[in-house]
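Input: a single structure, listed below in C-alpha cells.
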Amino acid sequence: MKIFNTLTSEKEELIPIKEGEYRIYVCGPTVYNFIHVGNARPIVVFDTLRRYLTYRGNNVIFVSNVTDIDDKLITIAKNEGIPMQEVAARYEKEYLTDAAGLNALPPTVMPRATEHIDEILSIVKDIIDKGYGYVAKNGDVYFRARKFEGYGKLSHLVLDDLSSGNRELRSDMGEDLKEDSSDFAVWKAAKEGEPYWDSPYGKGRPGWHIECSAMARKHLGKTIDIHCGGQDLVFPHHENEIAQSECANGCEFAHYWMHNGFLNIDNHKMSKSANNFFTVRDIANKFGYEPIRYFMLSGHYRSPLNYTVELIEACVSSLERLYNCRENLDFAIEKASGESSMLGEKAAMAKGKFNIAMDDDLNTADALAAIFDFVRDINTYAPEANLESLQIAADTFDDLTGVLGILYNRKKEEAPQKVLELVEKRTAAKRARDFAKADQIRDKLSALGWAVEDTAQGPKLVKK
RNA sequence: GGUGACGUAGCCAAGUGGUAAGGCAGAGGUCUGCAAAACCUCUAUGCGGCAGUUCAAAUCUGCCCGUCACCUCCA
C-alpha cells in the first residue's frame, strides 16, 4: 500500500516497523462543543484506513486522544460556573455518540490529556534535561524551536520565513517571557482561577502540543508508524510534536504523516472560530449519520470537500442503491435456482479493483466505483446465479462495504406471520385481478412498515 | 510577503503520457395491472485559458486567469 507522506511530500510504500502491525496515532478533538462536519472527516478517513489495514490481515493499534484541557474549555467552564472537567465530560460524551454514529470503531486506546499529567511532566523534564526546554520567570516552560535542527521538516516551513512574515498579531502574551519568538509553551503556569497541577516549575497545566507527544510515547512507544490528523494541524501542532518527541526520545517520532483536507462551506474552511459550521448532530438528526460517512468517502481524503445539503441528499440516494442491491442479493439467495457462476468471477474482479484503489493512498472514491460496478453485476446476474456464487457475492459485498464502514443500518428483521399472511392475500387478490384489493393490502403493509415489490420470482418484502 | 494546494459534464468526483471511471440529477426505452426496484440507451470531440514538448497531453513544461489553505486557536 502506498500512502502520501506529508514529511516527504511523496507517495511512499507503507512499511511498518514490525511486520503485520501498525501503530497509529490520530489527533482527536478538543471536547469543548459538539463536533462539526469538518471534525467528522478525520474520524471517518482514519477509521477507514484502520479498517482497511485490518482487512488486509494486519494488527492495528489505534490511539486517538481527547483533549480535555484547553483555553476554550476553561473559558466555557468559567462562564457556566462549573468545573472544566464537567464541560469536557459533557462534550466527550457527545463526541463519542457522534463517532459511534459515524460507525467509527472505538480506538484501541482513547487517552485523555488530564489523565497523563505524569507522562507529560516526564517528557517536559526530558526536554529540559536535554537542553531544549527552559523555565521562564513566571513558571512557563518553553521549547527552543531553533535548537531543534529538524524544525520545519514536516510543514516545509523555514523558521526565518515564519518570523519575518507579514502576519499581524505576531506577539501574543508571553512573548516577553520567551528567549525567541519561535519558542512555544510545553507547560503553562496557572493563572488565577484556572485548573492546575503541581509541577517542579510551580502550579500549571500542559501546553497543547505536549499531550500528544506524551500519550503517543506511553501507548505506542517512541517511534510510531503513522501519525494522522487534519491539515491545519501540520503547523504548528505536529511540527511541535515532532520537535518535542524527537528531542526527548532521541529517535524519529513517526515514519508516516497523513493529513486529511478540509471540509469547506461555500469554498471556505469550516471552523468553529469562523462560525460557519454545521454540527454532525444537526445533519444526523435530519439525514442520519451514514450519509455523512459516505460523503467523506466520496472524494479523496486529501482534496477539499465542499459541504452542501444537496450533496448529502445525493449521498442518501447513492446509499439507497447500495442497500437495494444488498436486498436483491438476499432475495436472490432465498430463491436461488440458477446455474450461472458468473458472480463469483465478478466478485473477484470487484475485490481486485477495490484493493488497487485502496492501496493507492486510500482512494476511496475509486473503491466506491469498484463497488458500484459490482452492484450493476449483481443486479444483472443475481436472478440466474447459483447459490454458491451468490454467497460469494454477498460475502464480498459485505467485506468491501465493511472496509468503508458503510451499509451498517441494514434492517434484518424477519417478517411477522401477520405480514406474511397479508402478502399471500395480496398475491391471491392479484391473481383474481382484484387490483383495488391488492393495492389496499399493499397500503396496509406499508402502514405496518413493510414494502412489497413484485418480481419475476414472486413478491419481495422490504422492511422500511 | 513566504509556502503549498486546486480548477474534469447540471451537481459531486476518479483518472499523472495511449485516446474521459463511478455516483446523483435529467431524457427515452424494457419489464409491470399499477407501484417500486432493476436493466438498456442517451447526456464533456473534451478536462480554466494560451503557447510548447511528444507519434500521442486532462496528465509533462512555461506563461496567464480564477479559487482556496497554512504562516503559532483550529479536523
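A note on names: the letters A, B, ... follow the listed sequences, proteins ahead of strands, and every chain is numbered from 1.
- Only the P atoms considered, G48(B) is 10 Å distant from A58(B), to the nearest whole Å.
- N39(A) comes within 4.0 angstrom of a nucleotide base, judged by non-hydrogen atoms across all strands.
- Taking every heavy atom of residues 322-329 of chain A and every atom of RNA chain B, pairs under 4.0 Å involve N324(A), N328(A), by number.
- To the nearest angstrom, P of C68(B) lies 16 Å from CG of L263(A).
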- request: Do nucleotides 18-32 of chain B as a string where each nucleotide becomes B, S or -: B if the base has a protein heavy atom under 4.0 Å, S if just the sugar-phosphate does, - if no protein is that close.
  value: ---BSSSS-------

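- Between Y307(A) and F278(A), the ring planes lie tilted relative to each other; the angle falls in the 30° to 60° range.
- We find that R205(A) and D71(A) are joined by a salt bridge, their nearest charged nitrogen and carboxylate oxygen being less than 4.0 Å apart.
- With sequence neighbours left out, T380(A) forms a side chain to side chain contact (heavy atoms under 4.5 Å, CB included) with R376(A).
- Proximity of K178(A) to the phosphate of U72(B): no side-chain N or O atom is located under 4.0 Å from OP1 or OP2.
- Applying the side chain to side chain contact (heavy atoms under 4.5 Å, CB included) criterion to P42(A), with sequence neighbours excluded, gives F46(A), N260(A).
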Dot-bracket summary - RNA chain B, pairs being Watson-Crick or G-U whose distances fall under 3.5 Å, with | when paired to another strand: (((((((..(((.....[...))).(((((.......))))).....(((((..]....))))))))))))....

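- Residue pairs meeting the salt bridge (charged side-chain N to carboxylate O under 4.0 Å, His left out) criterion with at least one partner in residues 300-322 of chain A, sequence neighbours excluded, are R302(A)-D361(A).
- Here the side chain of K72(A) is nearest to one of A75(B), U3(B), C73(B), namely C73(B).
- For the segment residues 224-232 of chain A, residues with any heavy atom less than 4.0 angstrom from an atom of RNA chain B are, sorted by number, G229(A), G230(A), D232(A).
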Return all side-chain donor-acceptor pairs below 3.5 angstrom for residues 436-449 of chain A, not counting sequence neighbours, or 'none' if the list is empty.
from, atom 1, to, atom 2, distance (Å)
D439(A), OD1, R442(A), NH2, 3.4

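- Among residues two or more places apart in sequence or in another chain, the ring pair (Phe, Tyr, Trp, His ring centres under 6.0 Å) test is passed with F277(A) by H36(A).
- Under the rule for a side-chain hydrogen bond (donor to acceptor under 3.5 Å, both in side chains), the partners of Q244(A) that lie at least two apart in sequence or sit in another chain are S213(A).
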Show me the donor-acceptor pairs within less than 3.5 Å that the side chains of residues 451-462 of chain A make with the rest of the protein, sequence neighbours left out.
from, atom 1, to, atom 2, distance (Å)
D454(A), OD1, R426(A), NH1, 3.1
D454(A), OD1, K430(A), NZ, 3.4
D454(A), OD2, R426(A), NH2, 2.9
D454(A), OD2, K430(A), NZ, 3.0
T455(A), OG1, Q457(A), N, 3.0
T455(A), OG1, G458(A), N, 3.3
T455(A), OG1, G458(A), O, 2.6
K460(A), NZ, N328(A), OD1, 2.4

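- When the nucleotides A75(B), U72(B), A14(B) are ranked by their closest atom to the side chain of S182(A), U72(B) comes out on top.
- The nearest pair of heavy atoms linking M110(A) to Y95(A) is SD-CE2, 4.5 Å.
- Partners of W450(A) according to the ring pair (Phe, Tyr, Trp, His ring centres under 6.0 Å) rule, which considers only residues two or more places apart in sequence or in another chain, do not exist here.
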